[in-house]
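Each remark here refers to the structure printed beneath this line.
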2 protein chains.
Amino acid sequence: MSEAAHTRPPTEGGSRRLILDHAARLLRGGGYHQTTLREIAEAVGIRKASLYYHFGSKEEIVEAVVNDGVHFVHEAVVAALAAEEGASPRVRLEAAVRAHLAALHGHGDYTSASIKVFTFGAAAVPESVRAVRRAYEDVWRGLIAEWQQAGGMPAGNSPDVLRLFLLGALNGSTDWYRPERHAIDALAREFVALLSPH
Amino acid sequence: MSEAAHTRPPTEGGSRRLILDHAARLLRGGGYHQTTLREIAEAVGIRKASLYYHFGSKEEIVEAVVNDGVHFVHEAVVAALAAEEGASPRVRLEAAVRAHLAALHGHGDYTSASIKVFTFGAAAVPESVRAVRRAYEDVWRGLIAEWQQAGGMPAGNSPDVLRLFLLGALNGSTDWYRPERHAIDALAREFVALLSPH
DNA sequence: CCTACCGATCGGTAGG
DNA sequence: CCTACCGATCGGTAGG
């Protein structure tokens with residue numbers, strides 16, 4: 001079949017995903033301002049101007065990476081929770097922590113880039129990004145409500161503050177986690193043990 | 001071994017500190033790459049080239065801000081601990097957490113800039129910055145050792161991992177802390193309560 | 001502390 | 001997906 005290469009997206013998913021893959025890797029390492037469209041284009045093997053065939057602007061590329069990153073962690077945690085349905089809040093909490101850390105450090109480019117860019121860009125966070133994040137935070141709101149109801153939380157503590165500290169601690173691991181020095185399973189176990197000692 | 005300059009600093013402290021004050025404020029908001037020497041110069045009220053009379057490069061300015069920021073938190077925590085000498089490990093831990101959060105969000109420009117820039121710059125962290133940070137981390141190593149010795153830590157948990165999670169959670173508050181919504185005292189109390197429920 | 005200027009690089013556009 | 005090009009801006013330097 002003949003190709004309409006210069007007018008329509010030729011291999012729809014392919015190029016777009018390839019661009020995002022490289023963008024995610026570069027954003028993870030350098031953040032928003034250090035990562036340039038030229039770098040991304042060179043990594044992909046095309047010219048910089050060609051990126052504008054697939055995306056409208058640099059921000060659009062970054063936004064896609066960030067959203068995919070949050071979405072990926074979200075899905076992983078939801079799947080882990082589904083696998084532990086009916087288990088105790090403590091087991092479920094540990095499963096969620098483990099899934100979050102695994103998603104963060106396993107397939108890491110998108111998720112790490114997401115944290116890096118988001119933490120950094122205090123200014124103008126697009127609504128799409130906030131929506132994706134809020135959806136993920138809701139998962140933790142639910143989990144922490146379970147935890148509280150089961151008596152896991154000290155009286156007088158705010159569930160919101162717990163969630164903020166908790167996600168901060170987990171996401172902060174992008175600054176110090178080294179695969180050769182830390183095991184995800186152990187980190188998750190230790191983390192939950194801090195919140196509820198045996 | 002600073003004290004560069006071909007001639008001698010004219011009004012020694014004044015200008016230099018003024019530059020760093022504005023640099024800290026701008027770095028806090030924008031991070032390393034978004035903050036430009038022109039912005040800093042304009043805020044101070046001088047020409048960009050004049051910055052080179054006081055500092056050798058952009059990196060030198062950023063480095064000074066980061067080090068001052070970490071140093072400030074360090075001093076605040078050490079002072080708080082000195083005031084609670086002989087108190088229980090729990091009380092001392094809460095005092096340290098409170099002092100850390102207060103330093104972070106109170107006089108915030110230097111400390112927030114420090115976290116922002118450091119979290120961001122995965123690449124080349126100057127030795128001076130690492131030294132200042134390591135010195136501060138040692139304070140927490142000591143505190144956590146106390147905590148562990150008093151039986152506050154679950155068996156099988158690593159003090160290093162606790163410290164990393166703990167500082168990550170506290171420093172992550174720069175992303176969500178709002179003075180009108182959170183009280184430092186309450187945050188510190190809740191934080192310690194999470195680690196050792198009443 | 002200034003004026004004047006530098007090469008390098010940025011995101012983005014024109015037009016095919 | 002390309003070549004060619006744009007104005008804007010970057011950190012830094014010359015020379016006073």
Side-chain angles (χ1 to χ4, degrees), chain A residues 1-24 26-27 29-66 113 117 120-121 123-124 126, chain B residues 2-23 26-27 29-66 113 117 120-121 123-124 126:
Chain A
M1 100 173 34
S2 64
E3 300 294 327
H6 8 29
T7 50
R8 312 233 163 249
T11 49
E12 233 318 346
S15 303
R16 199 185 148 89
R17 180 50 61 189
L18 190 62
I19 290 169
L20 292 180
D21 283 348
H22 286 284
L26 292 164
L27 285 167
Y32 186 93
H33 285 92
Q34 197 172 26
T35 302
T36 68
L37 294 179
R38 282 167 178 82
E39 281 180 310
I40 296 172
E42 188 183 10
V44 174
I46 62 177
R47 301 293 172 176
K48 178 206 55 163
S50 305
L51 292 173
Y52 287 87
Y53 180 71
H54 298 282
F55 297 91
S57 65
K58 179 183 182 180
E59 298 204 344
E60 207 175 299
I61 295 177
V62 175
E63 194 174 324
V65 168
V66 169
V117 172
F120 153 86
Chain B
S2 43
E3 219 39 77
H6 355 302
T7 58
R8 62 218 164 261
T11 49
E12 229 321 343
S15 304
R16 198 184 148 92
R17 179 51 60 190
L18 190 63
I19 291 170
L20 292 180
D21 282 349
H22 286 285
L26 292 164
L27 285 166
Y32 186 93
H33 285 92
Q34 197 172 24
T35 302
T36 68
L37 293 180
R38 282 168 178 82
E39 280 180 310
I40 297 172
E42 188 183 9
V44 175
I46 60 177
R47 302 293 172 177
K48 177 206 55 165
S50 306
L51 293 173
Y52 287 87
Y53 180 72
H54 298 280
F55 298 92
S57 67
K58 179 182 183 180
E59 298 205 342
E60 209 175 296
I61 295 176
V62 175
E63 194 175 322
V65 168
V66 170
V117 172
F120 153 86

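All of these numbers come straight from a predicted model, not from anything done at the bench.
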Inset, instruction - Could you check A/Glu39 against A/Ala49 and say which one's nearest nucleotide on DNA chain C is further toward the 5' end? - result: A/Glu39
Inset, instruction - Using atom CG of B/Leu37 as one end and atom P of D/dT13 as the other, report the distance to the nearest whole Å. - result: 11 Å
Legend entry - Atom-to-atom span, OH of A/Tyr53 to C1' of C/dG15 - whole angstrom: 15 Å
Inset, instruction - Side chain of A/Tyr52 only, please: which of C/dG11, C/dC1, D/dC1 is the nearest? - result: C/dG11
Inset, instruction - Can you establish whether the number of heavy atoms outside A/Glu60 located under 6.0 Å from its atom CD is more than 12? - result: yes
Inset, instruction - Grab the CD-P distance between B/Gln34 and D/dA8 for me, whole Å please. - result: 20 Å
Legend entry - Residue B/Lys58, side-chain atoms from C-beta onward, closest of D/dC2, D/dG11, C/dC1: D/dG11
Inset, instruction - Please report, rounded to the nearest Å, how far the C1' atom of D/dC1 is from the NE2 atom of A/His54. - result: 7 Å
Legend entry - d(CD1, B/Ile61; P, D/dG11) in whole Å: 10 Å
Legend entry - Distance-minimising heavy-atom pair for B/Val44 and B/Ile19: CG2-CA, 3.8 Å
Legend entry - Any A/His33 side-chain N or O less than 4.0 Å from OP1/OP2 of C/dG11: no
Legend entry - Nearest heavy-atom neighbours spanning B/Phe55 and B/Arg16: CE2-NH1, 3.4 Å
Legend entry - Passing option when A/Ile46 is tested against A/Leu18, A/Ile40, A/Leu51 for side-chain contact (heavy atoms from CB on, under 4.5 Å): A/Leu51
Legend entry - Any B/Thr36 side-chain N or O less than 4.0 Å from OP1/OP2 of D/dT9: no
Inset, instruction - Any strand is fair game: report the nucleotide pairing with D/dG15 by Watson-Crick or G-U wobble, both distances under 3.5 Å, or none. - result: C/dC2
Inset, instruction - Name the residue closer to the 5' end of DNA chain D, choosing between A/Arg47 and A/Arg38 according to the nucleotide with the nearest heavy atom. - result: A/Arg47
Legend entry - Gap between atoms OH and C1', on B/Tyr32 and D/dC10 respectively (whole Å): 11 Å
Inset, instruction - Return the value, rounded to whole Å, for the distance between atom CZ of A/Phe55 and atom P of C/dT13. - result: 16 Å
